[in-house]
Engineer: 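If you scroll down you'll find the structure; I have some questions about it.
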There are 2 protein chains.
Amino acid sequence: MNAPSRSRYDEQKAEAVKAAAAEFASKGYHGASTKDIAARLGVQQGSLYYYFRSKEDALLEVCLYGIRDYVQRMERIAADGQPFEAKLFATVTSHLSSYRSTNEALKVYNDERLYLPPEKRRNLKELGSAYREHLEGIFDQAIADGVVRADVDSHFAAQTVIGICNAWGDHIVREPDLDLFDLTRKCTDLLLHGFAR
Amino acid sequence: MNAPSRSRYDEQKAEAVKAAAAEFASKGYHGASTKDIAARLGVQQGSLYYYFRSKEDALLEVCLYGIRDYVQRMERIAADGQPFEAKLFATVTSHLSSYRSTNEALKVYNDERLYLPPEKRRNLKELGSAYREHLEGIFDQAIADGVVRADVDSHFAAQTVIGICNAWGDHIVREPDLDLFDLTRKCTDLLLHGFAR
DNA sequence: TCTGGTTTCTATAGACCTATAGACTCCGCG
DNA sequence: CGCGGAGTCTATAGGTCTATAGAAACCAGA
């Protein structure tokens, strides 16, 4: 991709983050050892410490990698001029496809970030809140526009959208041939109209 | 409760399972040590092995404890003669309130069961499948009755109901003064009618 | 009080894990 | 060729973890 502009160090570090993400995702933060990560990366255990100050820092980097571009996408969706339904569809698409594109790092963000000490979690918290608040804003706007029912609690709605996407994310990670488009359609259909006739 | 009918061993073991559940829920299976569990129970680390053959067995027992009565409740809901809406409400109520009543064991079942080796997970799998299938059956029936739209995929619907409940379950465990009734109402409202006007 | 069973304790073996220190290899450049 | 830095390796200190073995405490009934 942008190989020429990245140093060998950056490239290798990105690989290391991916390896850590994969191990953390499948075994959990505490269940994955630095030896496991190193083995996946094809180096010796001690060599990891050339790229990470500590295992905890590796987790932090994976989490950041997992949520960053994802928040940016959310900002773009919130700011574009699309109607509510399109925004919702785009949100779900973005969220679900993250589970494929960013190599399990989002799953790690969701499941393992709580194991970080508070001071290291601060940046993450801001990113996560930013995401939720953008989504809430989209719902507030839709309520004001009369597209969403006035009695809907936008905080509940945003959390639930995130929750549904994360819940299906677990399935996506585990079942590689799930049809994401179909799943996205079903999710937005539920969110908009429910199951009742 | 039924203290007279239970031996001292059974009582202490139940306490041990609860302690293990609490530790596994807050630190994860690998992050919680047998020493932590013992400390919470008020005994020495080695003493745990009087009740559990291994740490893994402790996890298994916690998971079983977490899902058992919950499946039974689902069976009762599926079999009662109530209309669909009432069944759905009861399902969500049952699921969400489990996160309070059974002391985090359901959370452990959801988040940590994958760390069990396949042979120990078999029983759990059956219980989990039973749960999902009952829920699917409720949706199939509702579709047949014309209460739920014919184009709804009952498998997707069941998984999503479970996913939403689990997602909110995480919040419930972390925030003790969430209003469960209100939350249940909002969830069923979403599931039935969606957010759109 | 003595006895046998139940429950808990102490102590430890043996494994594994993180992080560090210092040596080694590789490669671009003068 | 020789140098210097980047990246990787080996080896290990120091800690924690699970599981076990055997001693000790407790308790009910004869």
Side-chain angles (χ1 to χ4, degrees), chain A residues 3-63 108 112-117 119-120, chain B residues 3-63 108 112-117 119-120:
Chain A
S5 69
R6 293 174 77 176
S7 68
R8 169 161 172 69
Y9 176 86
D10 289 338
E11 280 177 40
Q12 277 301 96
K13 174 141 186 179
E15 288 300 310
V17 170
K18 274 190 202 171
E23 287 298 319
F24 289 155
S26 75
K27 301 179 189 168
Y29 172 64
H30 292 107
S33 69
T34 53
K35 197 176 169 191
D36 295 334
I37 297 168
R40 181 178 289 252
L41 190 58
V43 300
Q44 294 298 316
Q45 183 264 343
S47 305
L48 276 185
Y49 287 78
Y50 185 69
Y51 293 104
F52 302 117
R53 183 183 301 274
S54 68
K55 186 185 173 188
E56 212 172 72
D57 272 22
L59 174 59
L60 180 59
E61 302 230 28
V62 170
C63 289
V108 175
E112 314 293 333
R113 94 190 104 106
L114 293 172
Y115 298 131
L116 289 169
E119 71 277 13
K120 287 192 185 172
Chain B
S5 70
R6 294 173 77 176
S7 68
R8 167 160 174 71
Y9 176 87
D10 289 338
E11 280 176 41
Q12 277 302 96
K13 174 143 187 180
E15 289 299 311
V17 170
K18 274 191 202 171
E23 288 297 317
F24 289 156
S26 74
K27 303 179 188 165
Y29 172 64
H30 291 106
S33 70
T34 52
K35 198 178 169 189
D36 295 334
I37 297 169
R40 182 178 288 254
L41 191 58
V43 300
Q44 295 298 315
Q45 183 264 343
S47 305
L48 276 184
Y49 288 77
Y50 184 68
Y51 294 104
F52 302 117
R53 183 183 302 273
S54 68
K55 187 184 173 188
E56 211 172 75
D57 272 22
L59 175 58
L60 180 59
E61 301 231 30
V62 170
C63 289
V108 175
E112 315 293 332
R113 92 190 107 105
L114 294 171
Y115 298 131
L116 288 169
E119 70 278 12
K120 287 193 184 173

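Since the model is a prediction, treat every value here as computed from it, not as a measurement. A note on names: the letters A, B, ... follow the listed sequences, proteins ahead of strands, and every chain is numbered from 1.
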Engineer: How far apart are the closest heavy atoms of A:Glu23 and A:Ala32, and which atoms are they?
Structural biologist: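 So the minimum-distance heavy-atom pair works out to O-CB, 3.7 Å.
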Engineer: Would you indicate, yes or no, if C:dT10 has its OP1 or OP2 atom less than 4.0 angstrom from a side-chain nitrogen or oxygen of B:Gln44?
Structural biologist: yes
Engineer: For A:Ala21 and A:Val108, work out which heavy atoms get closest and say how close.
Structural biologist: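 So the two residues come closest at O-CG2, 3.5 Å.
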Engineer: Please name all residues satisfying side chain to side chain donor-acceptor pair (under 3.5 Å) with B:Glu61, sequence neighbours left out, ordered by chain then number.
Structural biologist: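 By the side chain to side chain donor-acceptor pair (under 3.5 Å) rule, B:Glu61 matches B:Lys13.
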Engineer: Can you tell me how far CD of B:Glu15 sits from CG of B:Asp10, rounded to the nearest 0.5 angstrom?
Structural biologist: 12.0 Å
Engineer: Output the rounded distance in Å from CD1 (A:Ile37) to C1' (C:dA19).
Structural biologist: 14 Å
Engineer: Quick one: do A:Val17 and A:Tyr51 satisfy side-chain contact (heavy atoms from CB on, under 4.5 Å)? Show the steps, please.
Structural biologist: CA-CA 9 Å; A:Val17 170; A:Tyr51 293 104; over 6 Å; no
Engineer: How long is the gap from CG on B:Leu59 to CG on B:Leu116, to the nearest 0.5 Å?
Structural biologist: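 With rounding to 0.5 Å, CG (B:Leu59) is 4.0 Å from CG (B:Leu116).
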Engineer: Encode nucleotides 11-30 of chain D as B, S and - characters from 5' to 3', where the letter depends on protein heavy atoms closer than 4.0 Å: B to the base, S only to sugar-phosphate, - to neither.
Structural biologist: ------SBBB----------
Engineer: Within the sub-3.5 Å range, which N or O atoms of nucleotides 3-7 of chain D have a protein N or O partner, and how far apart are they?
Structural biologist:
| unit_1 | atom_1 | unit_2 | atom_2 | d |
| --- | --- | --- | --- | --- |
| D:dG7 | OP1 | A:Tyr9 | N | 3.2 |
| D:dG7 | OP2 | A:Tyr50 | OH | 2.5 |

Engineer: I'd like to know if the side chain of B:Asp57 reaches the main chain of B:Ser54, judged simply by a donor and an acceptor atom lying under 3.5 Å from each other, with no hydrogens or angles considered.
Structural biologist: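 It does not hold such a pair.
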Engineer: Between B:Tyr115 and B:Tyr29, how do the two ring planes meet: parallel, tilted or perpendicular, split at 30° and 60°?
Structural biologist: parallel
Engineer: In whole Å, what is the span from the CZ atom of A:Phe52 to the P atom of C:dA19?
Structural biologist: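 Interatomic distance, CZ of A:Phe52 to P of C:dA19: 12 Å.
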